[in-house]
Number of protein chains: 4
Amino acid sequence: MTHAQAMLETHPIGADLDNAKLLGCIEACYDCAQSCTACADACLGEEDVAMVRRCIRLCQDCADVCIATGRILSRQTEYDAGMTRAALDACAQACRICADECERHAGHHEHCRVCAEACRHCERACAELLVAFS
Amino acid sequence: MTHAQAMLETHPIGADLDNAKLLGCIEACYDCAQSCTACADACLGEEDVAMVRRCIRLCQDCADVCIATGRILSRQTEYDAGMTRAALDACAQACRICADECERHAGHHEHCRVCAEACRHCERACAELLVAFS
Amino acid sequence: MTHAQAMLETHPIGADLDNAKLLGCIEACYDCAQSCTACADACLGEEDVAMVRRCIRLCQDCADVCIATGRILSRQTEYDAGMTRAALDACAQACRICADECERHAGHHEHCRVCAEACRHCERACAELLVAFS
Amino acid sequence: MTHAQAMLETHPIGADLDNAKLLGCIEACYDCAQSCTACADACLGEEDVAMVRRCIRLCQDCADVCIATGRILSRQTEYDAGMTRAALDACAQACRICADECERHAGHHEHCRVCAEACRHCERACAELLVAFS
């Protein structure tokens, strides 16, 4: 059992959302945030850095949104559906936009292929949780 | 001239958005992030902490969204309208929700009154920038 | 293989630090950051919230330091030993201080026991990497 | 009066550190964090991006440390000298290292000159507060 799962299960109040989907999304957010920070840096270290400016930019933005969303999802006390929905909406879009860009470079930069995978996973995890709000 | 304004004016590429509104929003985001972090902590130090749980929670969430949005707005290179819009949408909503809650406690907790002011200011700044996307 | 490991192995430049220890520390930082954010929130939801104020405070601080350190360690391009060492020093101390506090409440709050575990793990991971700087 | 000052003065507990120095440091941290994020991005947009890789890297790291420190300093409840000192130490070093790098490019990149100014200001503000710990 991961610490994230243990933290969720030992919360005095518990979550208002499906535990399994919530846990998956929390882990996806932190994982994606790390992948994006690492990918932006890997791109910065590439010889063709001028060709991957956009990728660096979008990875930095995505990492920021994912960290914010991961933190919000990690909180169960006094849950506010509006706040959580707003974060999930932004995160799903950020990951989609970033994944689109990383996939463009995936053929010649392996780290972009890996990062795109992390972004798509997070995009899907956020979208799955958002279903509960419709 | 603030550092934020100087940074914006010395950028090699420049912004795709109205400079004055963008600068106002960047400064509002960082200011609101700080106010919310401080307010969540002030509430934690109050004797009636159990009564302001929701305020603490929403201030923490809002601070996280504002930092992410402030960072994204601070970047002009390879600007992506979709990414920026997603962040502004989330931030405007987060600030509105947090301001609503802080205003509920503004009568007996001065720090909540101040924080609500910072949140409303940020909410408006984000909403003004969002007009450019419609 | 985790995304974090894949990102590290596909970096064009590679790390100046032992890969296995670096990866362990990156993962420990993000994991600890999430645990601390979740623990601060779980404590906020406890009936005896007034008794765990200090725990909430230190968990919030620790989460902030861990995220910053996790991000810095995720970057290999133009590695600066001074910058990395400064972050690792702060993170090891933050985790130690937070773990000490969480352990005080571990007997009656399971989430504090779990969080202390995540903090000790991160403290050790940072300390192990710091050995390379002596 | 800034929101930051108002938040500090309306805190139920108050600070354990000199209010004026603390306020100055809080504001310096958030200001420096924004400047560094903006500078890293401005460098990314420069034609000679390959020449300013190190500057981009250090500005990103510094922004992360400054945000963490700014948040920690914004909290007065259950103040822990060890935690605060660790953050200030890291921040002072991060700003010094980043300022050194930005100053190297200040002659041909105005945004680097501005950012170095913000970093030196934050370095000094952290150093001033650290005096209280000796």
Side-chain angles (χ1 to χ4, degrees), chain A residues 1-15 23 26-49 56 60 63-64 66-68 70-79 109-119 121-122, chain C residues 1-15 23 26-49 56 60 63-64 66-68 70-79 109-119 121-122:
Chain A
M1 181 183 296
T2 60
H3 286 143
Q5 182 173 353
M7 292 305 306
L8 198 53
E9 293 185 0
T10 56
H11 197 285
I13 295 166
L23 178 64
I26 290 170
E27 295 185 326
C29 283
Y30 279 87
D31 181 71
C32 192
Q34 194 279 327
S35 293
C36 284
T37 293
C39 190
D41 178 78
C43 283
L44 181 65
E46 292 287 355
E47 252 196 75
D48 67 344
V49 56
I56 293 172
Q60 289 172 155
D64 288 337
C66 284
I67 280 293
R71 284 176 167 240
I72 291 168
L73 293 176
S74 295
R75 300 173 183 130
Q76 315 312 325
T77 300
E78 294 292 341
Y79 165 82
H109 290 311
E110 182 66 6
H111 50 79
C112 288
R113 189 194 65 73
V114 175
C115 190
E117 189 177 275
C119 286
H121 176 69
C122 195
Chain C
M1 181 184 296
T2 60
H3 286 142
Q5 183 174 351
M7 293 305 306
L8 198 53
E9 294 185 359
T10 56
H11 197 286
I13 295 166
L23 178 64
I26 289 171
E27 295 185 326
C29 283
Y30 279 86
D31 181 70
C32 191
Q34 194 280 326
S35 294
C36 285
T37 293
C39 189
D41 178 78
C43 284
L44 182 66
E46 292 288 354
E47 251 197 75
D48 66 345
V49 57
I56 292 172
Q60 288 172 156
D64 288 337
C66 284
I67 279 293
R71 284 176 167 242
I72 290 168
L73 293 176
S74 295
R75 300 174 182 129
Q76 315 313 324
T77 300
E78 294 291 340
Y79 165 83
H109 291 309
E110 182 66 5
H111 50 79
C112 287
R113 188 194 66 72
V114 176
C115 191
E117 190 177 274
C119 287
H121 176 69
C122 195

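Computation of the quantities below employed the complete heavy-atom set of this structure, encompassing side-chain atoms and omitting hydrogens, waters and symmetry-equivalent molecules. We name chains A, B, ... by the order of the sequence lines, and we start the count at 1 in each one.
- Comment: Asp41(C) does not engage Arg71(A) in a salt bridge, judged by the lack of any side-chain N to carboxylate O separation of less than 4.0 angstrom.
- With rounding to the nearest 0.5 angstrom, the CZ atom of Arg75(C) is 10.0 Å from the CG atom of Leu44(A).
- Residues Ser35(A) and His3(C) come closest through the heavy atom pair OG-CB, 3.4 Å.
- In terms of heavy-atom pairs under 4.5 angstrom with chain C, the leader among His111(A), Gln34(A), Glu46(A), Glu9(A) is Gln34(A).
- Comparing Cys29(C), Ala38(C), Cys32(C) by heavy-atom pairs within less than 4.5 Å of chain A, the highest count is held by Ala38(C).
- Only the side chain of Ile67(C) comes within contact range of chain A, with at least one heavy atom under 4.5 Å from a heavy atom of that chain.
- Taking Gly70(A), Ala6(A), Cys112(A), Ala118(A) one by one and counting their heavy-atom pairs under 4.5 Å with chain C, the maximum is reached by Ala118(A).
- Heavy-atom pairs under 4.5 Å with chain C peak, among Asp31(A), Ile13(A), Ile26(A), Leu8(A), at Asp31(A).
- In this structure, the separation between SG on Cys115(C) and CE on Met7(A) is 5.5 Å, given to the nearest 0.5 Å.
- For the atom pair Glu110(A) CD and His11(C) NE2, the distance stands at 14.0 Å (nearest 0.5 Å).
- Ranked by heavy-atom pairs under 4.5 Å with chain A, the list Cys39(C), Pro12(C), Ser74(C) is led by Pro12(C).
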